[in-house]
Amino acid sequence: MKKNKPRMRVGFTLIELLVVTVMLSVVCLALYSTFASGARIWQRVNRMSLNEDVNILFDRFASDIRNSIVFTGLRFTGTESRFELPTLVMSPSLGAQIPGTVAYAYADNTLTRSQADYSQIYQGMSGALRPVMTGMGSCRFAYYLYDEEVKEYVWVDEWTRQDLPLAIRMELTVGQDDDKESFTKTVSLPLGGARTKKTKDKND
């Protein structure tokens with residue numbers, strides 16, 4: 001009779017399983033470190049790009065306000081989400097700066113800017129509306145004035161006076177949840193309150 005040969009056991013020993021587990025752990029850790037490092041770099045680049053975009057917006061915002069003027073027929077209006085400012089704008093037809101208006105408005109997570117020179121306003125034409133920043137979480141405007149009743153300077157969300165405010169503040173947030181960042185820019189108007197002062201002098 002033929003003797004049966006002993007069967008060979010096929011499988012992994014405990015030591016082999018431990019070695020494979022350790023190797024997988026090292027590989028997974030290396031992959032996680034690579035992805036985490038890449039994510040941090042991506043966030044840093046995005047944050048730098050965001051800061052640059054906000055700085056460009058604030059520079060344009062400040063330039064429009066510092067060029068503000070007092071001009072017959074052009075009135076400043078302002079709410080929490082929009083304001084329109086009499087200022088000097090570049091006229092496409094004349095190729096020079098002339099009186100006109102600039103408007104900033106926030107709606108649907110987008111901040112837009114439009115401008116119209118005096119000739120366009122006289123003809124009843126509105127300026128081209130262009131987005132200056134999208135994907136925003138919020139944006140609001142406030143206006144600085146001297147309140148005669150309480151005898152102190154205050155911020156208001158709506159402008160109902162005939163003169164220019166002393167300053168305009170823009171507060172905006174970009175991003176969501178933990179990545180949300182807030183920015184604030186306050187710019188003084190060179191002729192803020194000019195009409196009120198002139199009226200007071202005449203009455204005196």
Side-chain angles (χ1 to χ4, degrees), residues 52-148 153-174 182-202:
E52 290 177 0
D53 291 342
V54 171
N55 287 335
I56 291 172
L57 166 61
F58 282 164
D59 286 344
R60 188 65 179 273
F61 172 72
S63 177
D64 288 333
I65 293 176
R66 289 177 183 136
N67 286 331
S68 60
I69 57 175
V70 176
F71 196 82
T72 303
L74 302 180
R75 181 170 173 255
F76 180 90
T77 59
T79 64
E80 193 174 17
S81 60
R82 183 184 186 279
F83 75 86
E84 186 170 328
L85 173 75
T87 186
L88 295 176
V89 300
M90 182 62 68
S91 171
S93 56
L94 299 177
Q97 281 191 324
I98 65 172
T101 59
V102 166
Y104 285 83
Y106 174 73
D108 299 327
N109 296 22
T110 300
L111 180 66
T112 58
R113 178 186 180 276
S114 62
Q115 72 174 45
D117 61 36
Y118 192 74
S119 63
Q120 291 173 314
I121 298 171
Y122 182 77
Q123 298 174 40
M125 301 169 59
S126 57
L129 199 65
R130 295 177 180 169
V132 291
M133 182 165 285
T134 59
M136 303 172 66
S138 66
C139 181
R140 61 186 298 270
F141 304 105
Y143 314 97
Y144 199 53
L145 60 83
Y146 181 75
D147 192 326
E148 293 287 349
Y153 292 94
V154 295
W155 287 99
V156 296
D157 294 332
E158 185 173 0
W159 192 260
T160 57
R161 297 165 47 145
Q162 296 296 319
D163 57 350
L164 296 174
L166 299 174
I168 302 176
R169 182 175 65 200
M170 178 194 292
E171 298 175 335
L172 60 90
T173 60
V174 183
S182 300
F183 302 89
T184 302
K185 180 70 173 181
T186 302
V187 184
S188 300
L189 283 77
L191 299 177
R195 292 183 183 177
T196 302
K197 293 178 182 178
K198 289 182 180 179
T199 303
K200 283 183 180 180
D201 293 339
K202 288 181 180 179

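Excluded from the calculations below are hydrogen atoms, water molecules and symmetry mates; all remaining heavy atoms, backbone and side chain alike, are included.
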Mind checking side-chain hydrogen bond (donor to acceptor under 3.5 Å, both in side chains) for S81 and listing every partner two or more places apart, or none if nothing turns up? none
Closest non-hydrogen atom pair between D157 and A142, with its separation: OD1-CB, 4.4 Å
Smallest separation among heavy atoms of T160 and R75, with atom names: O-NH2, 3.5 Å
Once rounded to the nearest 0.5 Å, what's the spacing between atom OH of Y106 and atom CG of L111? 9.0 Å
Partner residues of S119 under the side-chain hydrogen bond (donor to acceptor under 3.5 Å, both in side chains) criterion, sequence neighbours left out: D117
Residues forming a ring-ring contact (aromatic ring centres under 6.0 Å, His included) with Y144, sequence neighbours excluded: Y153, W155
Taking only residues at least two apart or on different chains, which pairs with a member in residues 122-142 satisfy ring-ring contact (aromatic ring centres under 6.0 Å, His included)? F83-F141
Pairs touching residues 84-101 that satisfy salt bridge (charged side-chain N to carboxylate O under 4.0 Å, His left out), sequence neighbours left out: R82-E84
For T173, give me all partners under side-chain hydrogen bond (donor to acceptor under 3.5 Å, both in side chains), at least two apart in sequence or on another chain. S138
Yes or no on side-chain contact (heavy atoms from CB on, under 4.5 Å) for I168 and W159, after CA distance, side-chain angles and deciding distance? CA-CA 11 Å; I168 302 176; W159 192 260; over 6 Å; no
Can you name the ring-ring contact (aromatic ring centres under 6.0 Å, His included) partners of F183, sequence neighbours left out? none
Shortest non-hydrogen contact from S114 toward L129: CB-CD1, 3.7 Å
Counterpart residues, side-chain contact (heavy atoms from CB on, under 4.5 Å), relative to D147 (two or more places apart): L145, E149, V150, V154
Which pairs of donor and acceptor atoms, one on a side chain in residues 97-104, lie under 3.5 Å apart (sequence neighbours left out)?
from : atom 1 : to  : atom 2 : distance (Å)
Y104 : OH     : D64 : OD2    : 2.6

Answer yes or no: is there a side-chain heavy-atom contact under 4.5 Å between V174 and D53? no
Look up atom CG in L88 and atom CD in Q115, then write down how far apart they are to the nearest 0.5 Å. 11.0 Å
With rounding to the nearest 0.5 angstrom, report the CG to CD1 distance, L74 to I121. 5.0 Å
Considering non-hydrogen atoms only, spot the tightest contact between L166 and G192 and give its length. CD2-O, 3.5 Å
With sequence neighbours left out, write down each residue that passes side-chain hydrogen bond (donor to acceptor under 3.5 Å, both in side chains) with E171, or none if nothing qualifies. R140, R169
Could you give the distance from OG1 (T87) to CD1 (I69), rounded to the nearest 0.5 Å? 6.5 Å
Minimum-distance pair of heavy atoms, taken over all atoms of A116 and V89: O-CG2, 3.9 Å
Looking at residues at least two apart in the chain, or sitting in another chain, which of them share a side-chain contact (heavy atoms from CB on, under 4.5 Å) with V187? F61, A62, I65, R66, K185
Tell me every residue that passes side-chain contact (heavy atoms from CB on, under 4.5 Å) with I56, counting only those two or more places apart in sequence or in another chain. none
Validation row: E80, E158 side chains within 4.5 angstrom (heavy atoms): no
